[in-house]
Visitor: 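If you scroll down you'll find the structure; I have some questions about it.
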There are 2 protein chains.
Amino acid sequence: MQFGGGAVAIDVYEAVKTSIVQGELLPGQRLTEEFLSNTLGVSRTPVREAMKRLEADGLVTPIKRRGVVVRSFTREDVQQIYDIRALLEGFAAGHAALHRTDEQLGQMHHAVSQYERCLTARIHRRQHVHDIMRCNNLFHQLIHASAHNPHLTFMIGKVIVLPLVFRSFYWYNTLEIAGSLEEHKHILRAIACQDVEWATAAMRSHIYRGRDHVLAHISDLATSITDAPLKPGE
Amino acid sequence: MQFGGGAVAIDVYEAVKTSIVQGELLPGQRLTEEFLSNTLGVSRTPVREAMKRLEADGLVTPIKRRGVVVRSFTREDVQQIYDIRALLEGFAAGHAALHRTDEQLGQMHHAVSQYERCLTARIHRRQHVHDIMRCNNLFHQLIHASAHNPHLTFMIGKVIVLPLVFRSFYWYNTLEIAGSLEEHKHILRAIACQDVEWATAAMRSHIYRGRDHVLAHISDLATSITDAPLKPGE
DNA sequence: AATTCCATTTTTGTATGCAATTCGGCGGGG
DNA sequence: CCCCGCCGAATTGCATACAAAAATGGAATT
C-alpha cells in the first residue's frame with residue numbers, strides 16, 4: 001500500500017539503528033513515535049517494538065511518557081565499556097587460539113590480506129574507510145566465531161555498538177590504519193600458534209588502542225545535539 | 001539508567017519473567033500472545049512489547065510467525081555462560097577491591113552476617129532457601145555496585161538470569177551453603193584489604209563452584225516441558 | 001494405504017481509535 | 001515581582017479491528 005510494489009514493510013529497528021550509527025540521528029535527539037512512523041511510512045505499532053529493542057541495546061533511553069532520546073555517551077562511558085570489551089574480546093581471542101579450526105585460521109589470514117589490500121589501495125577517502133571497516137569487522141567476527149561460544153559472541157555484539165556510534169574509523173589516518181593492521185597480524189600469529197596468553201594480551205592491547213583513539217577524538221562530538229538547554233542528571 | 005521499567009499497572013515483562021524463573025513456565029513451552037493476554041488480563045499490545053524484551057534477554061526464543069517458546073539451556077550453554085560470568089564477576093570483584101568505599105565494605109559485611117544468620121537458623125526448608133538466595137544476591141550486587149561501572153553491572157545482569165532459571169539454590173544442602181558462605185568471607189577479606197588479584201581469583205573460583213553445582217544437577221531438568229513437570233526440593 | 005492439494009483455523013503483523021498522562025504557557029494571588 | 005495552580009496541546013499506553021501467513025485437517029486421487 002505505502003511503498004512501491006514488492007517492497008514489504010521495512011525493518012524499523014535496522015533503519016533507526018543505522019541512522020544512529022551513521023550519525024543522521026544525533027545523541028540527545030528526541031524521537032517521537034509519530035515522527036518515526038511518518039518518516040518511515042509505517043504505523044506506530046512496529047515503531048514501538050523497534051524502540052523497545054533499541055532500549056535493550058542501550059542505543060536510546062526512554063523518557064517517562066515522552067518517548068525516547070538517542071543516547072549520548074560520556075568519556076566515562078567509553079572507558080567503562082571498553083574495559084568490558086577488552087575483557088570479552090581478549091577472552092574470545094584466547095579461546096579462538098585454543099579452539100580455532102584450520103579453516104577458520106585460513107579465513108583470518110584472508111581477512112588480513114584483504115585489509116592489507118584496502119590499505120595499499122591508499123588515498124583513504126570516505127569510500128575506502130567503509131571497506132576498511134568491513135575488513136576490520138570481518139577479522140574480529142572470525143575470532144568471535146572461532147571461540148565457539150555463541151553467548152560470548154552475543155555479549156560482544158552488545159558492547160561493540162559503541163565504537164560504531166563514534167564511527168572512530170573516520171578519524172584514522174593512513175599511519176594509524178597501518179598500525180591497526182600490524183596488530184591484527186600479531187593477533188593472528190598468536191592464534192596461529194595457539195598461544196592463549198599471547199592472543200589474549202595482543203587482543204586486549206588492540207582494543208585499548210582503539211579506546212584511546214576514540215577518547216582522543218571524543219571532544220569533537222561527545223556533546224549532544226542540544227548543548228544549551230540541558231538537564232544533566234535524571 | 002539503562003532499564004526503563006516503570007511499572008504502573010501490571011508489568012507483563014516482570015510477570016512472565018518471574019513465571020519462567022520460578023519454573024511455572026517450563027523450557028520449551030510455547031507462549032502465544034493470546035494465551036498471555038488472557039492469562040494476564042491485558043491486551044496483546046503490551047504482551048508483544050514484553051516478549052520483545054524477553055527475547056533481548058535470551059529468556060525466550062522466537063519461532064517464525066509462531067510466537068515464542070521458553071528457552072531451554074543445554075549443559076554446553078551452562079558452561080559457556082558461566083565462563084562469561086566468571087570473567088565479568090571476577091573483573092567486578094577486582095574493581096570492587098580497588099574502588100569500594102568504606103560504607104560499601106560495611107554493607108558487604110552486613111550482607112555476610114545476614115547470610116550467616118540465615119544459615120544458623122538451620123533446617124533449610126523452602127522458605128529459608130528464599131532468604132538465603134536474597135542474602136547471596138545482595139552480596140553479589142554490592143560487589144557489582146562497588147565496581148562503579150554501570151555497564152558492567154548491566155552486562156552481569158544479563159548472564160545472571162541463567163542460574164536463576166535453574167534455581168540452583170534449591171539443591172544446596174546445609175554443608176554446601178556453609179561452603180558458599182565461607183567463599184563469600186574470603187572474597188570479602190580480599191576486597192577489604194584491597195587485594196585485586198585475590199579478589200578476582202576468589203570470585204572466579206566461587207562462580208565456577210556454582211557452575212559445577214548446576215552441572216551436577218542439570219540432568220534432572222535440562223530436558224524440556226515434554227517431560228513430566230518437576231518441582232525440585234519437594 | 002499413502003500422498004497431495006485445498007479449505008479452515010490459528011496466530012502473528014499492522015493500523016488506528018480512545019483514554020490517560022505529561023508538558024507548556026497563562027493568569028491570578030501573595 | 002515572583003510563585004502557584006489550572007487549562008489546552010502534545011504524546012504515549014492500551015485495546016481492538018483487520019489482513020496476511022502458516023499450520024492443520026480432511027478429502028480426493030493414485
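Lettering follows sequence order; numbering is per chain, from 1. Side-chain atoms are counted along with the backbone in the values below, which use heavy atoms only and exclude waters and symmetry mates. None of the values given here were measured: they were computed from a predicted structure.
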Visitor: Output side-chain donor-acceptor pairs under 3.5 Å for residues 59-67 of chain B, partner residues at least two apart or in another chain, one line each.
Guide:
none

Visitor: Between C1' on D/dC14 and CG on B/Leu40, what's the gap in Å once rounded to a whole number?
Guide: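 Checked: the CG to C1' distance equals 14 Å.
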Visitor: Could you list the residues that satisfy salt bridge (Lys or Arg N to Asp or Glu O under 4.0 Å) with B/Lys17, not counting sequence neighbours?
Guide: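 Counting only residues at least two positions away or on another chain, B/Lys17 forms no salt bridge (Lys or Arg N to Asp or Glu O under 4.0 Å).
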Visitor: Please report the distance, rounded to the nearest Å, between CD in B/Glu34 and C1' in D/dA22.
Guide: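 In whole Å, D/dA22 C1' and B/Glu34 CD are 16 Å from each other.
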Visitor: How many whole angstroms separate atom CD of B/Glu49 from atom P of D/dC14?
Guide: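 Computing the B/Glu49:CD to D/dC14:P distance gives 7 Å.
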Visitor: Mind checking salt bridge (Lys or Arg N to Asp or Glu O under 4.0 Å) for B/Asp77 and listing every partner two or more places apart, or none if nothing turns up?
Guide: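 Testing B/Asp77 for salt bridge (Lys or Arg N to Asp or Glu O under 4.0 Å), a comparison that skips the adjacent residues, returns B/Arg71.
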Visitor: Taking atom P of C/dT16 as reference, at what distance in whole Å does atom CD of A/Glu33 sit?
Guide: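 The distance from CD of A/Glu33 to P of C/dT16 comes to 14 Å, rounded to the nearest Å.
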Visitor: Can you name the atoms? Protein N/O to nucleotides 15-17 of chain D N/O, anything below 3.5 Å, with the distance.
Guide:
unit_1, atom_1, unit_2, atom_2, d
D/dA15, OP2, B/Ser43, N, 2.6
D/dA15, OP2, B/Ser43, OG, 3.0
D/dA15, N7, B/Thr45, OG1, 2.8
D/dT16, O4, B/Thr45, OG1, 3.3

Visitor: Mind checking salt bridge (Lys or Arg N to Asp or Glu O under 4.0 Å) for B/Arg211 and listing every partner two or more places apart, or none if nothing turns up?
Guide: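 So B/Arg211 forms no salt bridge (Lys or Arg N to Asp or Glu O under 4.0 Å) with any residue.
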Visitor: Separation of A/Leu36 atom CG from C/dA15 atom P, in whole Å?
Guide: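 Interatomic distance, CG of A/Leu36 to P of C/dA15: 14 Å.
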Visitor: Taking atom C1' of C/dA15 as reference, at what distance in whole Å does atom CZ of B/Arg48 sit?
Guide: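 Rounding to the nearest Å, CZ of B/Arg48 and C1' of C/dA15 are 12 Å apart.
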Visitor: Assign the ring pair A/Tyr172 / A/His213 to parallel, tilted or perpendicular, where the plane angle (0 to 90°) is split at 30° and 60°.
Guide: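 Because their plane-to-plane angle is under 30°, the rings of A/Tyr172 and A/His213 count as parallel.
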Visitor: Counting only heavy atoms and a strict 4.0 angstrom limit, can you tell me which residues of residues 59-68 of chain B come near DNA chain D?
Guide: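 Listed by number, they are B/Arg65, B/Arg66.
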Visitor: Run the ring-ring contact (aromatic ring centres under 6.0 Å, His included) test against B/His140 and tell me which residues pass, sequence neighbours left out.
Guide: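 Applying ring-ring contact (aromatic ring centres under 6.0 Å, His included) to B/His140 gives B/His184, B/His206.
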Visitor: Residues two or more places apart in sequence or in another chain: which of them pass salt bridge (Lys or Arg N to Asp or Glu O under 4.0 Å) with B/Glu55?
Guide: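 With sequence neighbours excluded, B/Glu55 shows a salt bridge (Lys or Arg N to Asp or Glu O under 4.0 Å) to no residue whatsoever.
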Visitor: Sorted by first residue and then second, give each side-chain hydrogen bond (donor to acceptor under 3.5 Å, both in side chains) pair with at least one member in residues 34-43 of chain B; sequence neighbours left out.
Guide: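 Passing the test, one end in residues 34-43 of chain B: no pairs.
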Visitor: For the pair B/Glu89 and B/Arg204, find out whether any cationic side-chain nitrogen is under 4.0 Å from an anionic carboxylate oxygen.
Guide: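 Judged by the 4.0 Å cut-off on N to carboxylate O distance, B/Glu89 and B/Arg204 do not form a salt bridge.
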Visitor: How many whole angstroms separate atom CG of A/Asn38 from atom P of D/dA10?
Guide: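 To the nearest whole Å, that distance equals 14 Å.
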Visitor: In whole angstroms, how far is the P atom of D/dT12 from the CE atom of A/Met51?
Guide: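 Those two atoms, CE and P, are 10 Å apart.
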